[in-house]
A.B. asks: 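The structure under discussion is supplied below as structure tokens; questions concerning it will follow.
If you're wondering where the values come from, they're calculated on a predicted model, not measured in any experiment. Lettering follows sequence order; numbering is per chain, from 1.
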2 protein chains.
Amino acid sequence: MPSVTRKSQTTRAARRAELRARLLEVVERLLAQGESFTEMSVERLVSEAGLSRSTFYVYFEDKGDLLSAWLGDIISQVAESTQQWYALSTDATRDDVRRALAHVVESYAPHTTLMAAVIDASAYDPSVREGVAEMMNRNVAGLRHHIREGQKAGFVDPKLLPQETAEWLAWMAERGIHQLIRTAKGKQLERLVDAYADIVWNTLYAPVLDAGRAAKGSDGRTRSSKRAA
Amino acid sequence: MPSVTRKSQTTRAARRAELRARLLEVVERLLAQGESFTEMSVERLVSEAGLSRSTFYVYFEDKGDLLSAWLGDIISQVAESTQQWYALSTDATRDDVRRALAHVVESYAPHTTLMAAVIDASAYDPSVREGVAEMMNRNVAGLRHHIREGQKAGFVDPKLLPQETAEWLAWMAERGIHQLIRTAKGKQLERLVDAYADIVWNTLYAPVLDAGRAAKGSDGRTRSSKRAA
DNA sequence: TAAGGTCTGGACAATATGTCCGAACAACAT
DNA sequence: ATGTTGTTCGGACATATTGTCCAGACCTTA
């Protein structure tokens, strides 16, 4: 009975990964053409990717399986991009925040199309929904920790409720990045990151940091000081 | 040819409205039981609502038709709830903001379950998607106008980009209200509104209003001055 | 009683899903 | 060379859902 050898399992996993990559490439392309993930049939996917429907079901439970596996891989990857932000401390300036958030946005940017599919699928696929919930929990937990520590160290507004503030800001980031950033290019992208940085700066740091520096006349700002008409 | 009389049209519209109400009631109930709108079959809906599938298709194009019609009704209704907020001016306090936003949240609260269905359906139904886009555009336009006027009048941070800031905050509100508020009760709800109010206050008003009042020692805050451990 | 309308169950074609199978094929060991 | 194993394929299958259509039942009003 050689059916359950280690070798066969690893090659199978490798094959699965390869097919997943090929299929997600197709998903991304069709998504970019305006089709929605929910409406994509398995037949459409496999024919574009060059395999048979039978083979698809050998490696994947269903369409959602494709996405939840990808999501699992990507979650930790994008989580790293927040380190630069959360490393900020008492000497942070508004420009530091701007740079850190630009880095977060850049990390998410390549994945916005597939993330849109994930959100689609989370509407009906339990395993995808679970993945999304886990991602949000991680984001909230990271931000909550940053707020708590910042309050202890005195560089985050002490009146903020860490958990709830983190929840609102995490949803703003999720939706903003996947809905606003996805369609933005060049100058418009810069403006969006500026606005994002201003919101985070004003909310978390400005009440204590700007107040303390008010006397010196410096606000740590080198760009986007444009005023509205 | 008596088929196109005014009377028959009005009674038909009335009948449509009645059936829509009955069906949405069912949708809401099933949604509350954990089913997702996408997965609800028309058969399931009509049998619960006590009509035949044939009749359903006489009055509605499809499931999405149900929601986009409802959305059209609700958009203007909830838009009104923001008037109290946008009426705030130079003498606004943090507690005024808190009250105004609590009012907005209360207006949305009864509709969170159906709004979740709308978001679901917008993934594949073009007409629902259009409705959602229109709702977001309205919200952004209202908030952008408030920011612009506030900057002119000097009670909103002049460095904010009105359009982009409004976009981020509108998505935060949409997601926050439909994801966070939906499951919150009592004290947790209060905390969420507190956090929401703090974010909006800090972002828009605090940089100019708190700065101007710093000398007097009053910050317009009567509750939730609790500090994190 | 007749006409207009409304609702219903059922039939229908079209599409999608997930499962299953036999045939074809290649790699590899005996 | 031959058989074993694993992979892929096309196709068949049962099932579910969608949207359309129709004939009959029913009710109200002229």
A.B. asks: Hey, can you pull the residues of residues 26-49 of chain A with a non-hydrogen atom under 4.0 angstrom from DNA chain C?
C.D. replies: A/Ser41, A/Val42
A.B. asks: Look up atom CD1 in A/Ile74 and atom OG in A/Ser76, then write down how far apart they are to the nearest 0.5 Å.
C.D. replies: 8.0 Å
A.B. asks: Hey, does the side chain of A/Gln151 reach the backbone of A/Leu160 with a donor-acceptor pair shorter than 3.5 angstrom?
C.D. replies: yes
A.B. asks: With sequence neighbours left out, write down each residue that passes salt bridge (Lys or Arg N to Asp or Glu O under 4.0 Å) with A/Glu167, or none if nothing qualifies.
C.D. replies: none
A.B. asks: Please produce a list of atom pairs where a protein N or O lies less than 3.5 Å from an N or O of nucleotides 8-15 of chain D.
C.D. replies:
unit_1	atom_1	unit_2	atom_2	d
D/dT8	OP1	A/Arg15	NE	2.2
D/dT8	OP1	A/Arg15	NH2	2.7
D/dT8	OP2	A/Tyr59	OH	2.6
D/dC9	OP2	A/Ser52	N	2.9
D/dC9	OP2	A/Ser52	OG	3.2
D/dC9	OP2	A/Thr55	OG1	2.7
D/dG10	N7	A/Ser54	OG	3.0
D/dG10	O6	A/Ser54	OG	2.9
D/dG11	O6	A/Ser54	OG	3.1

A.B. asks: Going by ring-ring contact (aromatic ring centres under 6.0 Å, His included), name the residues that satisfy it together with B/Phe37, two or more places apart in sequence or in a different chain.
C.D. replies: none
A.B. asks: Please name all residues satisfying side chain to side chain contact (heavy atoms under 4.5 Å, CB included) with B/Glu130, sequence neighbours left out, ordered by chain then number.
C.D. replies: none
A.B. asks: Tell me, please, which residues at least two apart from B/Glu134 pass salt bridge (Lys or Arg N to Asp or Glu O under 4.0 Å).
C.D. replies: B/Arg138
A.B. asks: Round to a whole Å and report the spacing from CG of A/Asp62 to C1' of C/dT17.
C.D. replies: 10 Å
A.B. asks: Quick one: which residue pairs count as a salt bridge (Lys or Arg N to Asp or Glu O under 4.0 Å) with a foot in residues 71-86 of chain A, not counting sequence neighbours?
C.D. replies: A/Arg20-A/Asp73
A.B. asks: Just distance, no hydrogens or angles: give the donor-acceptor pairs under 3.5 Å from side chains in residues 50-61 of chain A, sequence neighbours left out.
C.D. replies:
unit_1	atom_1	unit_2	atom_2	d
A/Ser52	OG	A/Thr55	N	3.2
A/Ser52	OG	A/Thr55	OG1	2.9

A.B. asks: What parts of residues 118-130 of chain B reach DNA chain D, counting only heavy atoms under 4.0 Å away?
C.D. replies: none
A.B. asks: Going by salt bridge (Lys or Arg N to Asp or Glu O under 4.0 Å), name the residues that satisfy it together with B/Arg16, two or more places apart in sequence or in a different chain.
C.D. replies: B/Asp65
A.B. asks: Round to a whole Å and report the spacing from CZ of B/Arg16 to P of C/dT6.
C.D. replies: 15 Å
A.B. asks: Could you state the atom-to-atom distance from CZ of A/Phe60 to P of C/dA16 in whole Å?
C.D. replies: 20 Å
A.B. asks: Can you give the donor-acceptor pairs under 3.5 Å from side chains of residues 104-122 of chain A to other protein atoms, not counting sequence neighbours?
C.D. replies:
unit_1	atom_1	unit_2	atom_2	d
A/Ser107	OG	A/His103	O	2.9
A/His111	ND1	A/Ser107	O	3.4
A/Thr112	OG1	A/Ala109	O	3.0
A/Thr113	OG1	A/Glu28	OE2	3.3
A/Ser122	OG	A/Ile119	O	2.8

A.B. asks: Test of understanding: with salt bridge (Lys or Arg N to Asp or Glu O under 4.0 Å), list the residues that count as partners of A/Arg129, not counting sequence neighbours.
C.D. replies: none
A.B. asks: Figure out the OH/P separation between B/Tyr57 and D/dT17, and round it to whole Å.
C.D. replies: 11 Å
A.B. asks: Measure the distance from CG on A/Asp65 to P on C/dG18 and round it to the nearest whole Å.
C.D. replies: 11 Å
